[in-house]
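Reviewing the structure listed below.
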2 protein chains.
Amino acid sequence: MVKASVNNSHTRDKIFKAATQVFEEKGFAGARMQEIADRAGINKALLHYYFRTKDQLFMAVFQVLLRKMFEKITAIFQADLSFREKIKLFLDQHIDFLIKNPNLPMFLLNEMSVNPAVNDGVRERLNYGGLRDLIYEKHAKELKGYGIRKSDMPQLMITIISMSIFPFAAREMIAVMMPQMHDNRKFNAFMEERKGFAADFIFSALKHRKK
Amino acid sequence: MVKASVNNSHTRDKIFKAATQVFEEKGFAGARMQEIADRAGINKALLHYYFRTKDQLFMAVFQVLLRKMFEKITAIFQADLSFREKIKLFLDQHIDFLIKNPNLPMFLLNEMSVNPAVNDGVRERLNYGGLRDLIYEKHAKELKGYGIRKSDMPQLMITIISMSIFPFAAREMIAVMMPQMHDNRKFNAFMEERKGFAADFIFSALKHRKK
DNA sequence: ATTCAGATTAACCAACTGGTCAAAATTAAA
DNA sequence: TTTAATTTTGACCAGTTGGTTAATCTGAAT
């Protein structure tokens, strides 16, 4: 068999998955290299053999996860659909995605907030200005019909995104107020219900908006 | 002069303020007792003299901040106003509050998420069921007119709360997409603008809602 | 079978971190 | 001024943590 070049990609993958788990659960400061090694079923020295430092390992994981999240958010808005259809599709797909990755929002938001330096590497790649212009120009008529000016786009986009992300980020706070939300199935059902609720809410708001 | 009883309350206060700062900035795992002592202008031993352990100090800070946040959220909904007026008042006051405490949302949400044990102490105090019933019964007519059933209340309340909290929690992510948001004044202006945007958005959605 | 680069490990280390302790300083009362 | 309690400090300690090193193992090519 041919060797997978430098580094055994199987081991590298085990490490990456373990690191993703631990960082997502505990955050950078709370994560322990020993625990990552344990979960990957390897020695701590081997961990450092594949990823020299904790920072390097973290950045590798962080960048992959951040891109994963942003791709999900932006991909839909590139499609050739009406704005209304896009919102519906976005909520459906993004909530599905987050049900499978429930810790992702809090992990990303917190790490970006606690250590803003992590954003330096990705800033160029995540160009919102382009997306906003694209969206606004593509849907100029529809949006103007709703009384949305270009300058309203940031408020609108953040409102839409928060509809799916916020409940996951705030899940524990929600569970404190509504104990039944500790049950995974009930929380997921709540998010399934939210697909429709949020879509209706947004459409109604847009249609009826003060101009 | 009379002694302030056991413990010098001035020193205690300095410690508490320093701890609040450091915990808010770095989170529990990232905070260092040495840094808290430094910022309070005291010795690390004295820190442990006032608060025996890091956990105790953290819980003291956490509980105060959590209560501060919840009081702001719930107080307004107890008042004797129409639901519509309450939403407007809530957005105005809560956004004002968060502009003065911009790190609070991320701190609370993250700590609750990373270490759910912190919630045990406050669970009883933060009874949402009571609040929800109170609100729904107080505004039954108005809400039914909007097509909101009692079972819709969780979705609605979370949507309203996220309008003010989410942009603060997601500030760094927002700033990655819209670099001008790094500027405090521009971000605060954005949140001032949001008071009106969110209120209009919610009212319009309610008025025009599918039933 | 030998070789040799790459993969894996056990043992180790220096720096950091939360926490302790005994002594010193401060304060208010006697 | 003396006394006794409280407050503050410098020095110290044990456990943890990220990271290193030298030795060993593995497996494919010679």
Side-chain angles (χ1 to χ4, degrees), chain A residues 1-63 107 110-111 114-115 117-118, chain B residues 1-63 107 110-111 114-115 117-118:
Chain A
M1 205 195 286
V2 183
K3 269 219 168 163
S5 84
V6 172
N7 282 12
N8 178 332
S9 71
H10 171 247
T11 303
R12 205 182 173 79
D13 206 55
K14 277 196 305 176
I15 292 175
F16 199 88
K17 276 175 186 155
T20 301
Q21 276 182 29
V22 176
F23 281 133
E24 270 194 12
E25 283 174 28
K26 318 252 172 117
F28 176 81
R32 297 288 166 255
M33 294 297 268
Q34 185 61 59
E35 186 175 356
I36 294 173
D38 289 347
R39 289 210 208 177
I42 57 158
N43 193 287
K44 191 166 59 116
L46 191 58
L47 187 54
H48 286 278
Y49 175 75
Y50 280 88
F51 297 88
R52 231 153 288 181
T53 67
K54 187 184 182 184
D55 288 76
Q56 273 186 44
L57 176 55
F58 176 80
M59 283 309 296
V61 169
F62 179 82
Q63 292 212 18
F107 170 70
N110 182 247
E111 296 304 331
V114 164
N115 177 16
V118 296
Chain B
M1 206 194 287
V2 183
K3 266 217 168 167
S5 84
V6 172
N7 280 12
N8 178 333
S9 71
H10 172 248
T11 302
R12 205 182 174 78
D13 205 55
K14 277 197 306 176
I15 293 175
F16 199 87
K17 276 176 187 155
T20 301
Q21 276 182 29
V22 176
F23 281 132
E24 269 194 14
E25 282 173 30
K26 319 253 171 115
F28 176 80
R32 297 288 166 255
M33 293 298 268
Q34 185 61 60
E35 186 175 354
I36 294 173
D38 289 347
R39 288 211 209 177
I42 57 158
N43 191 287
K44 191 167 57 119
L46 191 58
L47 187 54
H48 286 279
Y49 175 76
Y50 281 87
F51 297 87
R52 231 152 289 182
T53 67
K54 188 184 182 184
D55 289 76
Q56 272 186 44
L57 175 55
F58 175 80
M59 283 310 295
V61 170
F62 179 82
Q63 292 212 18
F107 169 71
N110 182 248
E111 297 303 332
V114 164
N115 177 15
V118 296

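Per chain, numbering begins at 1; letters A, B, ... match sequence-line order. What you see is a predicted model, and the numbers here were worked out from it, not measured in a lab. In what follows, every heavy atom counts, from backbone to side chain, and hydrogens, waters and symmetry copies are set aside.
- DNA chain C is contacted by no residue of residues 16-25 of chain A, taking any non-hydrogen atom closer than 4.0 Å.
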Distances under 3.5 Å between protein N/O atoms and the N/O atoms of nucleotides 9-11 of chain C, please, pair by pair.
{"residue": "C:dT9", "atom": "OP2", "partner": "A:Asn43", "partner atom": "N", "Å": "3.2"}
{"residue": "C:dA10", "atom": "OP2", "partner": "A:Asn43", "partner atom": "ND2", "Å": "3.2"}
{"residue": "C:dA10", "atom": "N7", "partner": "A:Asn43", "partner atom": "ND2", "Å": "3.4"}

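- Residues B:His48 and B:Met33 are in side-chain contact: their nearest non-hydrogen atoms beyond the backbone lie under 4.5 Å apart.
- For the pair B:Phe58/B:Val118, a side-chain contact is recorded, criterion being any heavy-atom separation below 4.5 Å from C-beta on.
- A:Asp38 has its CG atom 11 Å from the P atom of D:dT17, to the nearest Å.
- Under the side-chain hydrogen bond (donor to acceptor under 3.5 Å, both in side chains) criterion, A:Lys14 pairs with no residue at all, not counting sequence neighbours.
- Between B:Asp55 and B:Phe28 there is a side-chain heavy-atom pair separated by less than 4.5 Å.
- Atom NZ in B:Lys54 sits about 18 Å away from atom C1' in C:dT20, given to the nearest Å.
- Residue B:His48 contributes atom NE2, which lies 13 Å from atom C1' of D:dC13 at whole-angstrom precision.
- In this structure, the separation between NZ on B:Lys26 and CG on A:Asn115 is 10.0 Å, given to the nearest 0.5 Å.
- Using a 4.5 Å cut-off on side-chain heavy atoms (C-beta onward), A:Phe107 and A:Glu25 make no contact.
- Within the model, atoms OH of B:Tyr50 and OG1 of B:Thr11 stand 4.0 Å from one another, a figure rounded to the nearest 0.5 Å.
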Table please: side-chain donor-acceptor pairs of residues 17-24 of chain B below 3.5 Å, with sequence neighbours left out.
{"residue": "B:Lys17", "atom": "NZ", "partner": "B:Asp13", "partner atom": "OD2", "Å": "3.1"}
{"residue": "B:Thr20", "atom": "OG1", "partner": "B:Phe16", "partner atom": "O", "Å": "2.7"}
{"residue": "B:Gln21", "atom": "OE1", "partner": "B:Arg39", "partner atom": "NH1", "Å": "2.8"}

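- The side chain of B:Thr11 contributes an N or O atom lying less than 4.0 Å from OP1 or OP2 of D:dT8.
- Within the nucleic acid shown, A:Phe51 has no heavy atom closer than 4.0 Å to any nucleic acid atom.
- As a whole-Å value, the separation of A:Lys14 NZ from C:dA7 C1' is 12 Å.
- Between A:Phe62 atom CZ and A:Leu57 atom CG the span is 13.5 Å, to the nearest 0.5 Å.
- Of all the residues in residues 28-36 of chain A, not one reaches under 4.0 Å from DNA chain C with any non-hydrogen atom.
- One atom, CG of B:Asp55, and another, P of C:dT17, lie 16 Å apart when rounded to the nearest Å.
- Between the C1' atom of C:dT20 and the CD atom of B:Gln56 lies a distance of 15 Å, rounded to the nearest Å.
- Scanning for side-chain hydrogen bond (donor to acceptor under 3.5 Å, both in side chains) contacts around B:Gln34 gives B:Asp38, with sequence neighbours left out.
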- Message: Please evaluate residues B:Met59 and B:Lys54 with respect to the criterion side chain to side chain contact (heavy atoms under 4.5 Å, CB included), reporting the C-alpha separation (whole Å), side-chain torsions for both, the decisive distance (0.1 Å), and the verdict.
- Response: CA-CA 9 Å; B:Met59 283 310 295; B:Lys54 188 184 182 184; over 6 Å; no
